[in-house]
> 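Starting off with a structure, shown below.
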Amino acid sequence: CGGKPCIKGTRIPVAMVLDLLEDGVTFDEILRDYYPHLTVADIQACIEYAKALVEGEEIRFVEGVAVA
């Protein structure tokens, strides 16, 4: 998967599951319509992984720099 983080024991990239969640797809829909072999715990692990990445970021504000 090009070095992208995947759900343990699968080749499903975490980003694919997060994209579905971003699009408003529910856990039940993901399990029923997209990845029936995953578990709720797998989806929760994707969210926890993303959260850990964000928590680990250091944010610096630079005066006079416009942010898009």
Side-chain angles (χ1 to χ4, degrees):
C1 292
K4 301 288 184 186
C6 293
I7 297 171
K8 185 176 182 179
T10 75
R11 293 184 51 81
I12 301 169
V14 170
M16 290 183 77
V17 174
L18 294 174
D19 284 341
L20 290 171
L21 293 170
E22 179 184 27
D23 290 342
V25 180
T26 67
F27 279 35
D28 288 336
E29 290 169 327
I30 291 171
L31 298 175
R32 183 186 65 235
D33 301 334
Y34 296 89
Y35 302 112
H37 55 286
L38 294 184
T39 65
V40 169
D42 291 327
I43 299 170
Q44 289 171 328
C46 292
I47 295 169
E48 300 242 346
Y49 178 79
K51 181 182 171 191
L53 287 178
V54 172
E55 286 177 343
E57 287 187 8
E58 185 176 322
I59 299 173
R60 296 185 187 138
F61 293 96
V62 178
E63 194 170 322
V65 174
V67 178

> So, taking the atom named OG1 in T10 and the one named NE2 in H37, what distance separates them when rounded to the nearest 0.5 Å?
6.0 Å
> Side chain to side chain contact (heavy atoms under 4.5 Å, CB included), that's the test. Do Y35 and I43 meet it? Break it down for me.
CA-CA 10 Å; Y35 302 112; I43 299 170; over 6 Å; no
> What is the distance from atom CD1 of I30 to atom CG of L38, rounded to the nearest 0.5 Å?
8.5 Å
> For the OH atom of Y49 and the CG atom of L18, what is their distance to the nearest 0.5 Å?
10.0 Å
> Once you round to the nearest 0.5 Å, how far does CG of D19 lie from CD of E22?
6.0 Å
> With E48, which residues qualify under side-chain contact (heavy atoms from CB on, under 4.5 Å), at least two apart?
none
> Under the side chain to side chain donor-acceptor pair (under 3.5 Å) rule, collect the residues that match up with T39, sequence neighbours excluded.
D42
> Rounded to the nearest 0.5 Å, what's the gap from CE on M16 to OH on Y34? Could you check?
10.0 Å
> I'd like to check V54 versus K51 (side-chain heavy atoms, cut-off strictly below 4.5 Å). Are they in contact?
no
> Quick one, V14 and C6 - any side-chain contact, counting heavy atoms below 4.5 Å?
no
> Does CZ in R32 sit with more than 12 non-hydrogen atoms of other residues, nucleotides or ligands closer than 6.0 Å?
yes
> Measure across G24 and E29 and return the closest heavy-atom pair with its distance rounded to 0.1 Å.
O-OE1, 4.1 Å
